[in-house]
Trainee: 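Sharing a structure below in structure tokens format, with a few things to ask.
Just so it is clear, the values below take in all heavy atoms, side chains as well, and ignore hydrogens, waters and symmetry mates. For ligands, and for the atoms within them, numbers begin at 1 and follow the listed sequence.
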Amino acid sequence: MKKLLELLSEEMGQAFEAAGYDAALGKVGLSNRPDLCEFQCNGAMAGAKQYHKAPIMIANEVAAKLGGSEAFEEVNAVAPGFLNLKLKKEYLPKLLEVMAKEPKFGLEKPEKIKKLVIDYGGANVAKPLHVGHLRSAVIGGCVKRMNRYVGHEVIGDAHLGDWGLQMGLVIAGLKERYPDWVYFDESYEGEYPEIAPFDISELEEIYPASSKRSKSDAEYKAKAMEATYKFQQGVRGYWALGQMIREVSIKDLKKVYTTLNCEFDLWNGESTIKDLIPEMVQYMKDGGYAYISDGALVVDVKEETDTKEMPPCMILKSDGASLYNTTDLATIMDRVQKFNPDRIIYLTDKRQDLYFQQVFRCARKTKLVKPEVELDWIGFGTVNGQDGKPFKTRDGGVMRLERLIQDTEDEMYRKIREGREMSEEEARKVANQVALAALIYGDLSNQASKDYIFDMDRFTSFEGDTGPYILYTIVRIKSILAKYAEQGGDASAAKLGMAQSDSEKALVMQLLQFHSMMEGAAAELAPHRVCAYVYELANDFNRFYHETKILTEEDEAKKAGWIALLSLVKDVMLDCISVLGFEAPEKM
Ligand code: ARG
């Protein structure tokens, strides 16, 4: 369905045209003076210059053309030339009917369906997810679902960190412990074991130990670098071991990501495009883009207008080793070959700003992507503790993401058990759902680029701009609908009525903003807009609910109309939270 303002602008445009003016002047917007009218059009003011006429004259002429209008009950031309508009009572209910009936509330397909690749998650193999990974997973997942919702084709890729020195450190650590493993026998030509000879806890122990040792032990560091090199060159045993490390890590990462409702279509990594690197390097040399500087292969990405330092993008180090840039650029090549995307979106912590500028410039300059391909980077802020510093455990350690999720769940469980009659089992289940909402909403309701303070007390509160408040509102509506059914009402047959009170009108108007909100949020990659919308909708509903005795209303048609309205509010809220990445319980 067309969006409300589009419909109104269309009708207004026709009136401008009929009066002899440009139809584009008929742009209708929400009123600045809701006390006077619901909508307004300032086209007569805008057209005055063009037509050398007093705006009020234009406004009067246009108003006269709107006599038999489908939408407008009253059109008042007021000095100096505004058009104040009031809708016919039956107009909005008709639009709501369409919303209630159509899939996705009548959201129109995008003019051009785009293919998007979203690179998010940011996990590194052999390392546990920590609190910093929450944002990439949660924001990236939401950006993916928003864009799917509005009709684009979206591929989500985990793009694991499985390439650099960290691989060599883990492999070197394993080699120290198990020098006899067949992986390290370079003359071995047989198959490698199918089952990994280590588990995730061993990897998580080896990595930091190995990393620490490499900082003080130069000989060991050299071994780790050699292991990295062999792995990157694809030396059989090293490569096979690397794949095992990936496999074991992915299995473990999936567990945590699943608890966050975060799933990926692709579990590719930096190493996935290993075989494309030589081709890409050759391409960059052949195109005359890359040159040798101090032994390294680089591409200049400086532009004349730069005011800041912009170092060249390094493709290969002087020893021929490849880096983070190399894999990112080759991954762009791979994505273009495989998916030919219209847009690629990356999520990382905002400190990678300069890095992504370099990579994007390099990709454009070397024509790895066509000029029309959009490359976006969402740099997110830090999750801080109450002290304003990066969130830590109580004893100052790095907060594992699993721990944070568990702590939130425990806190939610405590709150739910307090003063509620619920079995232990149910309370656990509900706590799990609500905690997820608390975490996800707490994160997404902030603009991505801003740092935020992880405030357990506030995030898990049932009041205010929080996930639990949103769920509470949905559960409240569900319970009213259930009571209506108990009274013998049939909500599916209920017909939407005309909004009477101000609070009801506000609620209706909010519902009708859904389409433009969702399209805007998806295009701008802005999950916080969905949060702001669902919060406003919840507030509008609660205001209406406190003013209106719904279930005891004697006029059955009126009651049924409200029930239909509530159903729609609930359904819109449910779609919003599913896009955000959480679900509502039946009760809480
Ligand atoms: N693994 C990286 C990190 O820990 C983030 C990866 C982001 N994606 C990318 N294509 N560079 O910082």
Trainee: Run the numbers for me: atoms of ligand 1, each under 4.0 Å from some heavy atom of Thr348, listed by number.
Mentor: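 With Thr348 as reference, the close atoms of ligand 1 come out as 7 (C).
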
Trainee: Does any N/O atom on Gln352 come nearer than 3.5 Å to any N/O atom on ligand 1?
Mentor: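 Yes, Gln352 has an N/O under 3.5 Å of an N/O on ligand 1.
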
Trainee: Would you call Lys114 and Glu374 a salt bridge, taking side-chain N to carboxylate O under 4.0 Å as the test?
Mentor: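 A salt bridge links Lys114 with Glu374.
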
Trainee: Once side-chain hydrogen bond (donor to acceptor under 3.5 Å, both in side chains) is applied, do any residues pair with Glu247, and if so which ones, sequence neighbours excluded?
Mentor: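 Not a single residue meets the side-chain hydrogen bond (donor to acceptor under 3.5 Å, both in side chains) criterion with Glu247.
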
Trainee: Got the closest protein heavy atom to atom 10 (N) of ligand 1, with its distance?
Mentor: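 Heavy-atom neighbour on the protein nearest atom 10 (N) of ligand 1: Asp328 OD1, 2.7 Å.
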
Trainee: Which of the numbered atoms in ligand 1 are under 4.0 angstrom from any heavy atom belonging to Tyr346?
Mentor: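 Near Tyr346, the atoms of ligand 1 are 10 (N).
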
Trainee: Tell me whether ligand 1 is touched by Tyr324 - counting only heavy atoms on the residue side and a distance under 4.0 Å.
Mentor: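 Yes, Tyr324 has heavy atoms under 4.0 Å from ligand 1.
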
Trainee: Can a cation-pi geometry be assigned to Lys104 and Tyr149, taking NZ or CZ under 6.0 Å from the six-membered ring centre and within 45° of the ring axis?
Mentor: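 Checked: cation-pi criterion met.
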
Trainee: Please name all residues satisfying side-chain hydrogen bond (donor to acceptor under 3.5 Å, both in side chains) with Thr382, sequence neighbours left out, ordered by chain then number.
Mentor: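 If we apply the side-chain hydrogen bond (donor to acceptor under 3.5 Å, both in side chains) test to Thr382, skipping adjacent residues, there are no hits.
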
Trainee: Give the contacting part of Trp163 toward ligand 1: side chain, backbone, both or neither, where contact means a heavy-atom distance below 4.0 Å.
Mentor: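 The answer is neither; Trp163 stays 4.0 Å or more away.
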
Trainee: Regarding Lys274 and the six-membered ring of Trp239, is the cationic atom NZ or CZ under 6.0 Å from the ring centre and inside 45° of its axis?
Mentor: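 Here Lys274 passes the 6.0 Å and 45° test against Trp239.
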
Trainee: Looking only at non-hydrogen atoms, which of Val359, Asp119, Asn124 approaches atom 1 (N) of ligand 1 most closely?
Mentor: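 Looking at heavy atoms only, Asn124 sits closest to atom 1 (N) of ligand 1.
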
Trainee: Would you mind reporting whether Asp328 and His159 have side-chain heavy atoms less than 4.5 Å apart?
Mentor: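 When only atoms from C-beta onward are counted, Asp328 and His159 do touch, with a gap below 4.5 Å.
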
